[in-house]
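Notes follow the structure.
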Number of protein chains: 2
Amino acid sequence: MVYLGIMKQIDLTKIEGKILEYIKEHILITGIPPTLREIQKKFSYKAIGTVQDHIASLIRKGAVLREKGKARSIQPAETVTSHKRIKRIPILGQIAAGFPVLSEENIMGYVPMFSEGAYGKEIFALIVKGTSMVEAGIFDGDTAIIEKGPIAENGDIVAVSINDEVTLKEFKKDPTGAVNLIPRNSDMLPMVYSKNQNVDMKIIGKMVGLYRKYR
Amino acid sequence: MVYLGIMKQIDLTKIEGKILEYIKEHILITGIPPTLREIQKKFSYKAIGTVQDHIASLIRKGAVLREKGKARSIQPAETVTSHKRIKRIPILGQIAAGFPVLSEENIMGYVPMFSEGAYGKEIFALIVKGTSMVEAGIFDGDTAIIEKGPIAENGDIVAVSINDEVTLKEFKKDPTGAVNLIPRNSDMLPMVYSKNQNVDMKIIGKMVGLYRKYR
DNA sequence: AAATATACCATAATTATGTATGGTGTGCAA
DNA sequence: TTGCACACCATACATAATTATGGTATATTT
């Protein structure tokens, strides 16, 4: 049988589970963990000692971690150990639409993404326009997440700017050193740029993620 | 010309920029924002007033937000949720792989997503296995985000369980009332379920998002 | 019947953190 | 040369938050 009701962690009591949920929710919504008194208020406890007890128990059971004496240091164990944080990736424009300026002033929105160790790398997102990559499962309206940088390997999907137009293509360097930019659509032809050709072609970055929304 | 240097908040001074970087780094590593005194220590300031000044300036310039009186409430403006809340969607298993039990114990990870008003709806994610939806741009290894619920409209992509196997298909009800589950792969045949057929078929939910990671 | 876990209350002390006020010096533009 | 932005210092105080200690009551296990 298929169970889909989200099950509680086995070894926590009902109340401990609820407190853990609240801690997660608080971090999600406010960005910072709650204090003991905030938890106390949420559950209408008259004494703070009650919360102290529950937190102590959650720590004993390994469900949360805390640094002694530090304000707002209560955190769910999973989210701390995995070191995963959510980052908002700015959507800077539309790709393959001849967007001339991509800058902070043109931010159209944000995509949430885990920032896994990639701290410092510049990541942004672009809305895909057109059908040049349909056979790679990249559709019109999808959001492409791009890691900025001029380096690409064969097979990477890259965002390239050619004569002030930005497009998404598969990157391939052939034995002669020429760069092939391949659309993943049988109706379209690859573009080839040999080394000493005088075109303003530049790799903006490579695609590291895709996000699509239905309805 | 195409400018892609994600422009720094133009109006920050060098020191303010460094402090903002430290705040981000601290959040990334410890999970919580730093206190004024932690910033003071990091930059070896002899007076806390110095930090107060810089933070006040960062707030004035809109680079960080802070709640008055709250400990550790300094946060980079971009990562703070003003109206859109980021939710972590649990990945409960793999779809089209005959996964028998989907429960909290089987969580494989999380996908971050904006929960736009849909707070309270049960949303989860499944890793796509197989090629039955390639022509809809859903590939093997992609993460499908599913909103739980038994209702679907024609054209929706749904997660259905049939005899304890969960698969992803396009939903279509034909004039006779029979349910068509259509794989988006020309090599595969649609499944048709007429009203009074004795099969354990159940719609688990409909697909609301897709997430793909490259490399 | 005694020990243990759960779930709460009350109060005081301590330390962590934020707030307020008033300074110094330097460089740059009006 | 006056004013203003910038970068810093010193100190006192207020309040936010954690820590400590010692209770009550109930149900469950040994």
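Sequence lines set the chain letters: A, B, ... in the order given, protein chains first and strands last, and positions in each chain run from 1. All values derive from a computational prediction rather than experimental measurement. Excluded from the calculations below are hydrogen atoms, water molecules and symmetry mates; all remaining heavy atoms, backbone and side chain alike, are included.
More than 12 non-hydrogen atoms from other residues, nucleotides or ligands lie less than 6.0 angstrom from NZ of Lys61(A). Annotation: Ile59(B), atom CD1; neighbour count of heavy atoms from other residues, nucleotides and ligands within 6.0 Å is above 12. Counting non-hydrogen atoms of neighbouring residues, nucleotides and ligands closer than 6.0 angstrom, the NZ atom of Lys70(B) exceeds 12 such neighbours.
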Footprint string (nucleotides 5-21 of chain C, 5' to 3'): B base within contact, S backbone only, - free, heavy atoms under 4.0 Å: -SSBBB-----SBBBB-
Verdict with reasoning, Val128(A) to Met133(A), per side chain to side chain contact (heavy atoms under 4.5 Å, CB included): CA-CA 9 Å; Val128(A) 176; Met133(A) 296 299 284; 5.9 Å; no
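Checking Asp142(B), Val160(B), Ile138(B) one by one against Leu168(B), the side-chain contact (heavy atoms from CB on, under 4.5 Å) holds for a single residue, Ile138(B).
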